Amino acid sequence: MRRLSLFTKCLIIFVVLWLFLRFFIGGVWSVPLPASVISMYLGLILLAILVHVSVEDDRFREFLRPVKETLADENRRVRRTVLFVLIPLVILGLAFSRLSTKADPPAALRTAHPAPPTELKYRDKVIGPTQEVENPFRHLEKDDQEAFQAHVDNGRRVYYQNCFYCHGDDLDGEGHFAHGLNPPPANFQDPGIIPNYQESFFFWRISKGGPGLPPAATPWDSAMPVWEDHLTEEEIWDVILFMSEYTGYRPRTFGEAEH
Amino acid sequence: MYLTKHLNMSQSKNRLYFLLGLLVIYLLLMVATTFAQDATDTEYRPFPGIGSRNAAWIAAQLHLLFGSFILGVPMFAVVIEFVGMKTKDKRYDKMAQEFIKLCMGAFSTTALMGGVLVFILIWCYPKVMNKLSGIFGPTMIFYVILFFGETFTLYLYSYGWDRMQGKVSKMWHLFLGVLLNVFGTAIMFVSNSWLTYQTSPAIMGPDHEPIPLHDESGAFIGTLWQAVNNYTWMPVNIHRLIGNIAFGGAIVGAYSAFRFLAAKTREDKAHYDWMGYTGNFIALCGLIPLPFAGYWLGREIYMFNNTMGINMMGSLFSWLFIIQAVMIGVLFIGANYYLWSGMTRIAGGEIYARYRPYMIAIIVLCVAVWMTPRTLIMSPTELAAIGGANHPLVGLFGLMTAKNTVVNLIILTTFLSFLFYRRSGKTPTVGWSKVGNIVIAAIFGLAVAAIVTIGIAGFKVASDFRVNVLTPIQVIIALAVMILVTVIDLIMYRKAMRSNEINWGQMTDRSQYVLILLAITFTSLMGLMGYARSGLREAWHIFGVMPDTSPDAHTPLLADAVNMISVIMVIFFALVGFIFWLGLWGDKKKEEQPSIEAEATTGDD
């Protein structure tokens, strides 16, 4: 049996890895990967292949041999003709698919994490600098367990009366209304949400909702209501305690590590 | 013939002066109109054509790029000169001298750009400059003194190179080199204080809390030293100091690549190959600790102001960090590619080629994790298919614990590449070499396992613990591996048999283009991340103290910023290319000199 050329082997590796990303990772293992991620990873795979084949001159010559043969060898006329017809057709197809009008809006760069204002407010009342404000009931966790639990329970009540329709009964962003919303509601079970922000950040996001988002890094299109119009200050702090207790993730603090 | 050449040259010079004169008149006319229009406005004056911010941006970035080069090069030039003195190998001395010659070429351009920047700032932002000079006035005088010190030390160091070759005078020459670095570093530290103060006008309290240096009316209430030693001053100093070494090495590498590609003789190719290798080695030495310094700076920005931190990494400027990951990925892949290419010029280096595919795979996988954004670019259909804004699998790659883990793995793999390069063509003679290799492999294996385990644990612990404990432990492990393995390897290969010498000059042209790519990537990275650092102030000249009320007080779109940085890069490389070309041209003239003299004596003309 004829040995495969280095070029063909590389082509096979590239295609196999594409299939792996597209159908195995984005199908069997997990949910589909967005096209932007697949393109990015394929670019890296291509780079890795080119790096591997081009470090040494001999290997690079071997890699390029079929390409040169296809372009110049008299015996490869059929292959050359087929490729010369196919390549422009593929480019045409790609160009058409990119330019044609689709029902689906194009992919967009989104910024999911807005920066809070330097001053934290509830309605018009200034609570303090966002960076320094702490949950006023957090200290009860150490000082008075019973009182702390009462606040958590109150937070649970507030959450299931108001938030779970979108954020889900398991706090995973899979509420009844979630699938009608774009962007989807935050998934608090994700390890990148609660541990990355201070409690004051959550207070700000809950109290001001979508309309209170900052002008930077727009467009913001969150459907989150302005909860300060419906909840008391204490209820907002309580629901933050509940979110933390339920998921097991602790919001970020700016003190030294306690562990 | 000589006369004809000379006449042609003076004619072209005249033409050049004429064109430059026209340009100056044109600029003066433009400036005069603007002054006439805005003579009454003392807060801001618009820069004609491109606007004040763009003018200041271009001048500042060019000044910084050239400044970084001329501060970085003397740092390693003096070390190379010292190595040359110790080993009595004249080649090192020659190479260090060549580096300084490049520095001389760029020095005046740096000063020129600095002057242009100051003029633009005084002209376009008089009120801001008034405020800053009111606080930093004494440091500006100190800066001038340092600048004089640096200039004359550089002149003495460069022009005295050939004269100061005696045993004692060489020591004095080295002292001059060290002094040059002291002046250069001090200059950078002083100017860093001005710009870091604009970002973080506060000092660090005993519990790391920021203590503002202004009262509520915006009046300065601190001391000069407090303004200098502001919250982000030292992290920026360290980050830039290391960055200068990496950037200087990369530009020297690009220069060597250019000369290698243009070289006609085998000797020249060998010389510039060696020089390029040294440049890349220096760039790598700077590149490896750079992410750690960057991490510290990022952490301090977060600690100074949470909003600023989130804007940087999670919001307004977060996409820049994805571009940064791509760029740093290119740098590491490029640096490794160059090292692997280098092994092909050493007989005996091929035994390590079998590890290469695995190393490429590790680096590329790690870069893939590093450059995966937390919030993916998705169409609404894809968003619906995923069921949330964050992908359940690759969404995890967007978190810092994953990114910190892969950065450490990339650094360790690059270190391994260098280790293989160092070992190529050498056979250890110590009896315990097998045990030594097992120990080294075990150290690597355990370190990787520990870094990955800590990285996975990072998903589960509180952020404070991750930032303050886990991430530093990962860094310490990576650094410890590099130190420990280097020590073992040095002892193991101290009396190693050399199977063959390095065939300098036998490098592929591709590897040289990679060196040029590295320099371009470094430059664009500095431009992009410099923009992020400066842009973090948003609509403030001095954050939280002095608002920017000029027409430019908006954060440009990422695309606009990238375009601007691209323009700056083109200007920078055009100027650097000119300096490179001058080096080549000067050498050509030297080579032609005997024949010209011969022509003159035979009286051809």
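Just so you know, these numbers come straight off a predicted model, no measurement behind them. Scope of the values below: all heavy atoms of this structure, side chains included, with no hydrogens, waters or symmetry mates. Just so we're on the same page: letters track the sequence lines, and every chain starts at 1.
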Can you pull the ring pair (Phe, Tyr, Trp, His ring centres under 6.0 Å) pairs that have at least one residue in residues 313-340 of chain B, sequence neighbours excluded?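 The answer is F317(B)-Y531(B).
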Count the heavy atoms belonging to other residues, nucleotides or ligands that lie under 6.0 Å from [atom1] of [X], then report whether that count exceeds 12.
X: E245(A); atom1: CD; value: yes
X: H176(A); atom1: NE2; value: no
X: R356(B); atom1: CZ; value: yes

Heavy-atom contact with chain A under 4.5 Å, split by part of [X]:
X: L396(B); value: side chain
X: A384(B); value: neither
X: F304(B); value: backbone
X: M371(B); value: both
X: L399(B); value: side chain
X: I377(B); value: both
X: N305(B); value: both
X: A361(B); value: neither
X: I360(B); value: side chain
X: V394(B); value: side chain
X: V514(B); value: neither
X: S341(B); value: both
X: L557(B); value: neither
X: T307(B); value: both

Residue part contacting chain B, namely of [X], when any heavy atom lies under 4.5 Å:
X: V55(A); value: both
X: H179(A); value: neither
X: P185(A); value: neither
X: I193(A); value: both
X: A35(A); value: both
X: E174(A); value: side chain

For the interface with chain A, which of [options] has the highest count of heavy-atom pairs at distances below 4.5 Å?
options: G309(B), P357(B), S318(B), A353(B); value: P357(B)
options: T555(B), T372(B), L558(B); value: T372(B)
options: L365(B), N311(B), I386(B); value: I386(B)

Please walk me through it: do F201(A) and I310(B) pass side chain to side chain contact (heavy atoms under 4.5 Å, CB included)? CA-CA 10 Å; F201(A) 179 91; I310(B) 296 172; 4.0 Å; yes
Can you pull out the residues in residues 23-31 of chain A with any heavy atom less than 4.5 Å from chain B?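 Under the 4.5 Å heavy-atom cut-off, I25(A), W29(A), S30(A), V31(A) qualify.
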Give the minimum heavy-atom separation between L383(B) and P184(A), together with the two atoms involved. CD2-CD, 3.5 Å
Which atom pair, heavy atoms only, marks the closest approach of Y41(A) to F397(B)?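 That would be OH-CD1, 3.7 Å.
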Can you list every pair that meets salt bridge (charged side-chain N to carboxylate O under 4.0 Å, His left out) and has a residue in residues 374-401 of chain B, with sequence neighbours left out? D190(A)-R374(B)
Enumerate the residue pairs fulfilling salt bridge (charged side-chain N to carboxylate O under 4.0 Å, His left out) with a member in residues 201-211 of chain A, sequence neighbours excluded, ordered by first and then second residue. K208(A)-E228(A)
Under 4.5 Å, counting heavy-atom pairs only, tell me which of [options] racks up the most with chain B.
options: G173(A), P195(A), S54(A); answer: S54(A)
options: S200(A), A115(A), P32(A); answer: A115(A)
options: A178(A), P251(A), P191(A); answer: P191(A)

Lys NZ or Arg CZ of R252(A) over Y302(B) ring: under 6.0 Å, within 45°: yes
Can you find a pair of side-chain heavy atoms, one from [X] and one from [Y], that are under 4.5 Å apart?
X: M40(A); Y: V326(B); result: no
X: N306(B); Y: Y197(A); result: no
X: R510(B); Y: D57(A); result: yes

